Amino acid sequence: MSSKFFVTTPIYYVNDAPHIGHAYTTILADVLARFHRIAGDEVFFLTGLDEHGQKVKQAAEKRNLTPQAHCDDLAPRFLSLWQKLDIRFDDFIRTTQERHKKIVQLALQKVYDKGDIYVDEYEGWYSIAEERFITDTEHSSGQFRDVKKLKEKNYFFKMSKYQQRLIDYIESNPVFIRPEHRKNEMLGFLRQPLGDLCISRPKARMDWGIEIPFDKDYVTYVWFDALVNYISVPGYGSDGVRFKKWWPANVHLIGKDILTTHSIYWTTMLFSLELPLPKTIFAHGWWLMGQTKMSKSLGNVVNPLDLVEQYGVDAVRYYLMREMVLGLDANFTPDSFIKSYNSDLANDFGNLLNRVSGLIAKNHGGKIPDPGVLTTVEEEIKSQANALVGKVTQLISAYQVQEAVVSIMELVRILNKYMETQAPWKLAKIDFKAAERVLYTAAEGLRIVSIMLSPVMPNKTAAVLDILGSVGRSPVWGGLKPATVLKTHEPLFPRIEVK
RNA sequence: CGCGGGGUGGAGCAGCCCGGUAGCUCGCCAGGCUCAUAACCUGGAGGUCAUAGGUUCAAAUCCUGUCCCCGCAACCA
C-alpha cells in the first residue's frame, strides 16, 4: 500500500555553524524518509535554512560581510555536513530565495486581505540580544542586557481569533501533536488567552528580511518568513497540482524548544490561510552531553559529530537512532557509543557476516549454497524475518524508531543463535545438504536485516548486500540466488579496542 | 506556589497513554562452542518499579499527597 510521505525539518538559523541538534533532526528525517521509500511510498523530504533576521545581520556585520554573503558562506557548511551524514533531502530551501520570498508576500497579503492583520503601536522594553520585546517581569529580572525602551508601530496577526478552533482541533486529532505529553503541554498553554503575534519590524531598525507587501517601510518578522517554507516549497501559490499532492505534510519534525511556534503560531497561520494542518507535529527530545570525564585514549571526543571521522557515518547514525527514544531526552557519552558499537555492530551484526561468509568461502566454494527443503527451524526463521518487515513498518509509522531498530537487531541475535545451534561447520562434515540449507538461511536472514537497516546505515548495508550479491532490495524471503559468488571483504565494523 | 524532565536489579534505558506473571543492552558468575572481529551460544545471581495513601478482583502502569535528582548562560534540534 504505497502513498505519499512529506517530512520536514525546521529550517535552521544561520547565525552559527551546524551542530548536533541540527544533525539529529535531519538524520531522523532522513531515516524516516528512507524507511518510507523502501516501503514504496513516494517521499518528499524538505530541509533548509532560515536566513533573515537581526542575528544574522549582526553576525554578518561582525564578520564584515553583507548578510547575503554571510548566508552564502554558511549554507555550504550545512550542505557539506548533510552530504557527510548521507542526508538525501529532496529540496533545500533558503529563505532568501526568490521562490520563497514571493510566496511569503502572497501569504501575508492573503491574511491581510482577510482582515487578520492589523496595525498597533507598542511601547515596551526591547532586548536587542533577544530580538524581541520583553515583559516587565523579564526586564526587572535583570537577566537581559542591551535593553532599551522602545515605542513603535507594528503589524499584528490575529492569532487569538483562532484559539478555540485550535483547541478543538488538537482535542479531536490525537496524533496531531506528539508525543502525548507535549500535546498536554500545548493544551495547558492554550488555557490562557492567546495574544496576537507581532509579525513585522520597521526597516529603520532591521531591514534584513522580506518586505511586507502592504507597507514598504516594514519587513516581516520570523514567523511568516520562516514557517511559510513548509508550503512555499511544495508549491503553494505557484503550482496548485503539486501543492495538492504534497500538502498537508505528514510530519514536521522539530525539537521540543520550538513546539509553540509550530503547534500554535504556524497552525493559526494555516487556519487564516484556510489550509489543512500538518498531520503530525513531532517534538523530539534533546541530546544531553554526558558529563562523563573525557578519556584521553579516546581523544578529545565531545561531540557525536566528531565520531563520524573516526568510526564512520553509519555507526553514528545507528547510535543516534538506537539510543534516543523519540520524544525523550537522551544522554550522549563516548563510552555508551563504543559499547553500543562493539556489541551491536561489531560483535553481533558484523561478526555474523564474517561467520556466514567465512564458512561459505571455506566449505562451499564461496558461492551461495542451495537451500534445499527447509525444515521447521528454517521455516521459523523465515516467518520471523517476514514478520519483521511488517512490524518495522508499523513501528516507523508510529515514530518508534528505537523500537524498530531494536527489533531488527533481534533478528541478528536470532541468526547468531541459529548458527550456534545448527553448527554448519560441523554439518559440513556429516550432512552437507543441511550445512547448505543453514548457510543459505543465515545469509538470507542477513540480507533481510541489511535491507531493513538500510535507512539507518545506508553505506554499510549496501556493502553487505554487495558482498552477498543481492540483486534488488526486496525484503521478501528468498531473494538470494544460489550459486551467486560472494565477494571477499574486510570486517564490516572493526571492534573499537579500549584500553 | 517560575517552567520543564526524571526517580524501574551494579550501569544505561524500554514498558506507563490502551491496568493482568517486570523486559532490553552492558557488567558480573558458571558452563558450552571453536565457523567468526578474544567474537558467538546457554544457564545463574541481582529489582517490595522513590515514597505514602486511594481506585480496582488486579497497578511500574490510573488518581492524590510527599521526598529526591537534573536542565533553564549562550546557541539551539
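Chain letters run A, B, ... following the sequence lines, proteins first, then strands; residues in each count from 1. The figures that follow rest on heavy atoms only: side chains count, while hydrogens, waters and symmetry mates do not. Bear in mind the structure is a predicted one, so any value in this text is a computation, not a measurement.
- Pairs of residues two or more places apart, or lying in two chains, that qualify as ring pair (Phe, Tyr, Trp, His ring centres under 6.0 Å) and include a residue from residues 399-423 of chain A are A:Phe282-A:Tyr399.
- If you check B:C76, B:C33, B:C40 against the side chain of A:Asn351, the one that comes closest is B:C40.
- Within the nucleic acid shown, A:Leu28 has no heavy atom closer than 4.0 Å to any nucleic acid atom.
- The nearest whole Å value for the distance from the CG atom in A:Leu359 to the C1' atom in B:A39 is 14 Å.
- When the P atom is used for both B:A45 and B:A22, the distance is 14 Å, rounded to whole Å.
- The NZ-P distance, from A:Lys339 to B:G12, rounds to 10 Å in whole Å.
- Within the nucleic acid shown, A:Pro10 comes within 4.0 Å of sugar-phosphate atoms alone, with no base atom in reach, counting heavy atoms only.
- B:A11 and B:A50 are spaced 14 Å apart, taking the P atom of each and rounding to whole Å.
- Residue A:Asp348 is classed as a sugar-phosphate contact, given heavy-atom separations below 4.0 Å to backbone atoms only.
- Side-chain N/O atoms of A:Glu420 and base N/O atoms of B:G32 include a donor-acceptor pair closer than 3.5 Å.
- Taking the nucleotide of RNA chain B with the nearest heavy atom to each of A:Ala23 and A:Ser340, the more 5' of the two is matched to A:Ser340.
- Residue contacts for A:Glu403: at a heavy-atom cut-off of 4.0 Å it reaches the sugar-phosphate backbone alone, with no base atom in range.
- The gap from the P atom of B:U56 to that of B:C13 amounts to 36 Å, rounded to the nearest Å.
- In RNA chain B, runs of at least 3 consecutive Watson-Crick or G-U pairs, each pair with both distances below 3.5 Å, span B:2-7 with B:67-72, B:10-13 with B:23-26, B:28-32 with B:40-44, B:50-54 with B:62-66.
- Taking the six-membered ring for Trp and the full ring otherwise, the centers of A:Tyr221 and A:His52 sit at least 6.0 Å from each other.
- One can place CZ of A:Phe337 at 24 Å from P of B:A11, the figure rounded to the nearest angstrom.
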Take A:Tyr440 and A:Asp370, measure what side-chain hydrogen bond (donor to acceptor under 3.5 Å, both in side chains) needs, and give me the verdict at the end.
CA-CA 7 Å; A:Tyr440 179 89; A:Asp370 196 297; over 6 Å; no

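- Two rings, from A:Phe5 and A:Phe44, have their centers 6.0 Å or more apart.
- The nearest whole Å value for the distance from the CD atom in A:Gln402 to the P atom in B:G12 is 16 Å.
- Mapping A:Ala423 and A:Ser343 onto RNA chain B via the closest heavy atom, the residue that lands nearer the 5' end is A:Ser343.
- OP1 or OP2 of B:A39 has not a single side-chain nitrogen or oxygen of A:Arg355 nearer than 4.0 Å.
- Rounded to whole angstrom, the span from the CE atom of A:Met419 across to the P atom of B:U34 amounts to 13 Å.
- Annotation: A:Lys279, atom NZ; neighbour count of heavy atoms from other residues, nucleotides and ligands within 6.0 Å is above 12.
- Listed candidates were B:G5, B:A77, B:C76. Nearest to the side chain of A:Arg182 is B:G5.
- With distances taken from any side-chain atom of A:Tyr12 to the nucleotides B:U34, B:A77, B:U25, the minimum falls on B:A77.
- A distance of about 13 Å separates the P atoms of B:G19 and B:A60, rounded to the whole Å.
- Remark: the separation of the P atoms in B:A38 and B:G27 is 15 Å, to the nearest Å.
- The closest side-chain heavy-atom distance from A:Phe337 to A:Tyr311 is below 4.5 Å.
- What separates CG of A:Leu74 from C1' of B:C75 is a distance of 13 Å, to the nearest Å.
- Within the 4.5 Å cutoff, side-chain heavy atoms of A:His262 are placed close to those of A:Leu227.
- Here the separation of B:G54 from B:C18, taken at their P atoms, is 23 Å to the nearest Å.
- B:G71 sits 27 Å from B:U64 when the P atoms are compared, rounded to a whole Å.
- Residues A:Leu197 and A:Trp223 have side chains in contact (heavy-atom distance under 4.5 Å, counting atoms from C-beta outward).
- Proximity of A:Lys426 to the phosphate of B:C33: no side-chain N or O atom is located under 4.0 Å from OP1 or OP2.
- Among the atoms of the strands shown, only primed sugar atoms or phosphate atoms (P, OP1, OP2) are found under 4.0 Å from some heavy atom of A:Asn347.
- When the nucleotides B:C41, B:A36, B:C76 are ranked by their closest atom to the side chain of A:Asn416, B:C41 comes out on top.
- B:A39 atom C1' lies 11 Å from atom CD of A:Glu497, rounded to whole Å.
- Distance noted for atom P between B:A77 and B:C68: 35 Å (whole Å).
- For the pair A:Phe92 and A:Trp82, the minimum side-chain heavy-atom distance is below 4.5 Å.
- For A:Gln422 and B:G32, the CD to P distance is 21 Å, given to the nearest whole Å.
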